[in-house]
Amino acid sequence: IKVLFDSKFMPAMTKLLKSLNIDYLIDFEKDLEKFTVEHPNMQLEKYCAQLKEHLTTFNIEKINTTLKLLAIYIDK
């Protein structure tokens with residue numbers, strides 16, 4: 001799962017961290033949610049919920065911090 005995840009999401013992560021475009025972030029979060037449906041991972045599901053909450057409140061600092069933590073969640 002980690003190899004699939006890395007190839008699918010990590011390139012987008014680099015762009016997102018640089019731009020923090022809210023529309024791209026929302027699309028990224030939705031894609032990530034779909035991934036967790038196809039490849040169940042409780043930690044990743046919690047991560048998605050957290051990211052979605054920060055996107056809803058448009059808390060840029062927490063969004064940025066949460067994005068940087070993604071690699072930790074996929075390793076669990």
Side-chain angles (χ1 to χ4, degrees):
I1 291 176
K2 182 170 177 19
V3 173
L4 176 62
F5 180 85
D6 285 348
S7 67
K8 186 171 184 170
F9 292 102
M10 294 314 278
M13 178 64 67
T14 304
K15 288 181 184 178
L16 290 171
L17 284 169
K18 289 180 183 177
S19 71
L20 289 179
N21 179 307
I22 193 69
D23 293 327
Y24 293 148
L25 287 164
I26 290 169
D27 289 344
F28 178 81
E29 188 275 329
K30 287 178 182 177
D31 288 344
L32 197 54
E33 273 187 319
K34 289 177 190 173
F35 183 85
T36 63
V37 169
E38 296 168 5
H39 308 281
N41 179 312
M42 183 68 80
Q43 294 298 323
L44 199 52
E45 289 175 26
K46 289 179 184 179
Y47 175 88
C48 285
Q50 184 179 38
L51 181 58
K52 189 174 196 172
E53 179 182 331
H54 297 323
L55 290 168
T56 302
T57 61
F58 201 67
N59 187 327
I60 298 295
E61 188 174 313
K62 287 187 177 182
I63 292 169
N64 197 24
T65 301
T66 303
L67 287 173
K68 290 178 181 177
L69 293 174
L70 183 57
I72 294 169
Y73 282 86
I74 194 58
D75 287 334
K76 290 183 178 183

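Treat the numbers as computed from the prediction; the structure is a model and nothing was measured. Basis for what follows: all heavy atoms, side chains included, without hydrogens, waters or symmetry-related copies.
Interatomic distance, CD of Gln50 versus CG of Leu55, reported as 11.0 Å (0.5 Å rounding). Distance check, rounded to the nearest 0.5 Å: NZ of Lys52 to CD1 of Ile26 gives 10.0 Å. Note that CD1 of Ile22 and CG of Asp27 are 10.5 Å apart. Values are rounded to the nearest 0.5 Å. Within the model, atoms NE2 of His54 and OG1 of Thr65 stand 8.0 Å from one another, a figure rounded to the nearest 0.5 Å.
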Counting only pairs under 3.5 Å, give me each side-chain donor-acceptor contact of residues 28-38, with atom names and distances, residues two or more places apart or in other chains.
{"from": "Thr36", "atom 1": "OG1", "to": "Glu33", "atom 2": "O", "distance (Å)": "2.7"}

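Contact detail for Leu25 and Ile63: the closest heavy-atom pair is CD1-CG2, 3.9 Å.
Applying side-chain contact (heavy atoms from CB on, under 4.5 Å) to Lys68 and the options Leu70, Thr66, Asn64 leaves one that passes, Asn64.
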